[in-house]
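Remarks on the structure that follows.
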Amino acid sequence: MVSSKSEEGLIYNIKLSSVGPARVTGQDVVYEPSNMDLAMKLHYLRGIYYFDSQAFQDITIYNIKEPMFLWFNYYYMTNGRFRRAESGRPYIKCNDCGARFIEAQCDKTLEEWLEMKDGTLEKLLVSNQVLGPELAFSPPILIQHTKFKCGGIALGLSWAHVLGDIFSATEFWNVLGKVVGGYNPPRPINLAHSLTKANSTQTLQKIVEDPLSIKRVDPVEDHWIAKNSCKMETFSIHVSATKLGHLQSRTDIQGPFESVCAVIWQSISRIRDGPGPQVVTICKKGEEKKDGLVGNTQVIGVVKVDYSIREANPSELARLIKHEIIDERLKIDEAIEKERGVSDVVIYGANLTFVSLEGADLYGFDWMGHKPMNVNYLIDGVGEAGTVLVLPAGPNDTEGRIVTMILPEDEIMKLKFELNKEWSIA
Amino acid sequence: MPQRSPQFSSSAKLKYVKLGYQYLVNHFLTCLLVPTIAMILVQAIQLGPNEISNFWNSLQFDLIKILCSSFFITFVSILFFMSRPRGVYLIDYACYKPPISCRVPFSTFMEHSRIILSSEPKSVEFQMRILERSGLGEETCLPPAIHYIPPEPNMESARKEAEMVIFSAMDSLFKKTGVKPKDIDILIVNCSLFSPTPSLSAMVINKYKMRGNIKSFNLSGMGCSAGLISIDLARDLLEVHPKSIAVVVSTEIITPNYYRGKDRSMLLPNCLFRMGGAAILLSNRWWADQWRAKYKLLHVVRTHKGADDKSYRCVFELEDSEGKTGISLSKDLMAIAGEALKSNITTIGPLVLPPSEQLLFLFSSIGRKVFNLKLKPYIPDFKQAFEHFCIHAGGRAVIDELQKKLQLSAEHVEASRMTLHQFGNTSSSSLWYELSYTEAKGRMKKGDRVWQIAFGSGFKCNSAVWKCNKTIKTPSDGPWSDCIHKYPVYIPEVVKL
């Protein structure tokens, strides 16, 4: 497994191993992703947790790996490998194969690293592997441990979106902190040994039209990443609490997420030709309690307008985002079900997508009482229309928001300019 | 059914004849003495009490004669007891239980193999087939250095593994027996493939601050049967040095021996060998330890087939065509093992078999050799000599072969098969895991005899015979304490991966 990280020179001494469940999960245990899960299979979450040098002082790699074995007893499905049923529908064979564990070192101190403020460099701290081309040997979870010169540590979590949404992923990660603190997770119950979804013979009565929030891509077979015709780039901005206040007052809406979205929506429409994106996808935390330990249960909805966005009133846009989301989850479920789960679609980036991480307990993780000083999340596998992530900048609301934009590379400079000119936030 | 009953009654008759024969021959002396004493008693009664008292007086006992005779008898008895070899007792032993973080499921092993040997799909396929048929389970363990892709075997990690395994087993042994490190008189460590300087025995002495006049030995290169060689050495030393206790540490350090090449005859050990170790406490202080010792050592029989070239070369460490070191196993391994076993049985048979079996074997041999009768070679029934069998869990094939040759039932080889399933091939320490299994199942009763058989490179076949000194309660600790409830499990011929 040769990664381009070593070419950078910044990250070196890379060692790979695996960590898996301590206990045998069982014979022939399977886990079947739902239709919503399969709709998200071409996306990947990359989370980076930064810790100062005191958090992991005198802690060896062995000390870090050991609690993970207990953690994975509980989240056994994340340690399996994908197979396809006879119908072609993917499922996870829970064979305890494990998560990949990557150890790396960096010659810079944590401070120097954070000062570099280069979005692309952050990708060196977390694995950018995707599922496939050999599904049966691709780990859905990869964890990277990078040690900085000062003793600071970055833990990078690579999470295949097919397992669950960001709320599942952050909850999963926070449980590790609890296990380290001595919590013994209960034995998993209701282990399935036979496939039900894959073998269902239910047929849908009517042909339904595709929901607006999905976009079909060329067949990817077993290599679960969509090809875009242009290169996508990531850049992040920090919007302080005061700036947020200004934005909110200009858009007349109490809601940091909605204000930010409205601002960016309009700015993007201004840099693109035509009336601008008239359909946007909004993703945020769902209210219902999810069934299993992990899953894609976030709200995925669209906001549609039929007028030009360029000239629209940002307050109106913000209002639409807050109150007029058309929930498309049921439609997505049906679209996937009608093809028995083998469809290849993207959701993030099918339209311009805004993802709110409000309600995700990003700072709920701690290693023996030491909390991360910074947490960041990125998304891989985003479609060409682009995606905007809005996450908390720190454990408190007073620290503002981090807005991460994943867009075609030629749009980035123009957007930065526009945001600065109009809203002075870039 | 009229057809079956004559057959049934004839086989029942045969069974009774066999039982009668066995009882007669095995208790020959008793059968001889009882009628003789009965005859004497009858004669004495017939003579009458007066005749007996006259007879007694004629012997002319007086004080001097009585004193001299008793002195003479006492002197002879003391001489007799002093010259008998001291018993060697096994007080207790401890087996190493690897941590959960060392666990290697099949799927992980195969996935790592595919990545490491990505240019050799045939070798990967071969490893998968071996693993499917190996009889190993999903909870065997490899040391931390081997979990890396690719594995990182260096001297430092090998030493770490040795410390982890040996110190853990010894701490457990000291806790169980209450013995202090400074009381140890003899220390023997055997580890075939890792032999650093200073030796592993020196490492133990350093860690536990043992006495300056300790007699330490380090046996390396002697293969999977080295555990019993160490026991034999300990016994010899305990016979020469009075009032001593000995610790024997049997282990195999996996880290430096991971084969990194693609030669198929050398990939097998990677698939089968796993982490394990055992520490055993032996003593000759019968006055102090007899009451608490678990076992008494009855016999150790060592057979070496090294004089035969084929046997010598059948398990051979060498460098492959790319210069990578590994252990090559020859295709004749099973046949050679069978031959070695035959030699060993021939020596151990007379020591342990009841006279009934020995007589049958003698008659059968005479019949075949002297009278040239076409008789099948008689295989003595070792089930009459032993209650428990510990066959080195070298691999499924070894256990199958021995079960067939010695005509053992599934229950007799259960300890070996289940040890292979739970711990893999832990080399010289596997016999101790098997013994521990039998104890954990509550099957070890006072007076039970145990036969430990191990095979190893050379080619050697070594046996040890133990007698259980006191009924052993199911231990609450030990390597099986958290998993014995699952066993025995059914192990299919081929596990589909």
Side-chain angles (χ1 to χ4, degrees), chain A residues 1-3 13-30 60-73 76 79-83 92-104 127 129 131 133-142 145 179 184, chain B residues 97-119 121 124-125 128 131-132 136-154 156-157 160-161 163-164 255 258 421-422 482-483 485-487 489-492 495-497:
Chain A
M1 210 206 91
V2 179
S3 68
N13 204 10
I14 293 172
K15 297 200 261 194
L16 302 177
S17 53
S18 296
V19 287
R23 195 173 44 226
V24 179
T25 298
Q27 273 283 83
D28 301 319
V29 175
V30 295
T60 61
I61 280 290
Y62 189 65
N63 297 137
I64 295 178
K65 283 184 179 176
E66 220 181 342
M68 290 185 175
F69 285 85
L70 293 169
W71 179 42
F72 286 136
N73 274 347
Y76 62 94
N79 278 214
R81 293 293 182 266
F82 278 95
R83 299 271 195 273
I92 299 180
K93 180 172 174 166
C94 302
N95 57 9
D96 299 344
C97 202
R100 198 69 78 232
F101 193 89
I102 304 163
E103 294 163 49
S127 171
Q129 261 198 298
L131 291 168
E134 283 179 309
L135 271 187
F137 300 100
S138 302
I141 305 245
L142 296 96
H145 173 276
V179 171
N184 204 358
Chain B
K97 176 87 176 172
I100 48 169
S101 50
C102 289
R103 179 187 162 213
V104 179
F106 283 170
S107 50
T108 316
F109 184 88
M110 283 321 305
E111 191 169 282
H112 284 213
S113 252
R114 286 181 102 262
I115 302 173
I116 298 165
L117 287 172
S118 53
S119 56
V124 175
E125 181 67 34
M128 185 151 101
L131 213 55
E132 283 174 350
L136 263 67
E138 296 264 13
E139 291 187 288
T140 59
C141 294
L142 282 173
I146 306 298
H147 283 256
Y148 282 97
I149 307 168
E152 296 186 328
N154 54 32
E156 199 197 317
S157 46
K160 276 213 173 69
E161 183 195 341
E163 287 173 9
M164 192 157 68
T255 304
Y258 186 84
H421 186 264
Q422 176 68 19
D482 63 348
C483 53
H485 57 276
K486 290 193 295 191
Y487 285 99
V489 290
Y490 167 66
I491 305 171
V495 173
K496 217 46 203 114
L497 289 183

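As the structure is a prediction and not an experimental result, all values here were calculated from the model. The chains referred to below are lettered A, B, ... by the order of the sequence lines, with proteins before strands, and numbering in each begins at 1.
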- Query: How about I115(B) and R100(A): do any of their side-chain heavy atoms sit closer than 4.5 Å?
  - Reply: yes
- Message: Does any backbone or side-chain atom of R81(A) lie under 4.5 Å from a heavy atom of chain B? Answer side chain, backbone, both or neither.
- Response: side chain
- Message: Please enumerate all residues that pass side chain to side chain contact (heavy atoms under 4.5 Å, CB included) together with L70(A), with sequence neighbours excluded.
- Response: N73(A), V179(A), I100(B)
- If you measure from OG on S107(B) to CZ on F137(A), what distance do you get to the nearest 0.5 Å? 9.5 Å
- Given that the side chain runs from C-beta out, which part of P150(B) has a heavy atom under 4.5 Å from chain A: side chain, backbone, both or neither? neither
- If you check every heavy atom in residues 141-148 of chain B against those of chain A, which residues fall under 4.5 Å? H147(B), Y148(B)
- Message: My understanding is that only residues two or more places apart in sequence, or in another chain, count here; which of them pass side chain to side chain contact (heavy atoms under 4.5 Å, CB included) with T60(A)?
- Response: Y62(A), N63(A)
- Query: If we only count heavy atoms from C-beta on, is the H112(B) to S18(A) side-chain gap below 4.5 Å?
  - Reply: yes
- Task: Report yes if some heavy atom in the side chain of R103(B) is under 4.5 Å from a heavy atom in the side chain of V24(A); otherwise report no.
- Result: yes
- Message: So D96(A) and E138(B), do their side chains get closer than 4.5 Å, heavy atoms only?
- Response: no
- Message: Just to verify, what does P121(B) make a side chain to side chain contact (heavy atoms under 4.5 Å, CB included) with, not counting sequence neighbours?
- Response: none
- Rounding to 0.5 Å, atoms CD (E111(B)) and CG (N95(A)) come to a distance of 8.0 Å
- Using non-hydrogen atoms only, which part of E134(A) is less than 4.5 Å away from chain B: side chain, backbone, both, or neither? side chain
- Are S101(B) and E66(A) side-chain neighbours, meaning at least one heavy-atom pair lies under 4.5 Å? yes
- Query: Most heavy-atom pairs under 4.5 angstrom with chain B, which of E103(A), M68(A), Q27(A)?
  - Reply: E103(A)
- E163(B) atom CD, neighbour heavy-atom count above 12 within 6.0 Å: yes
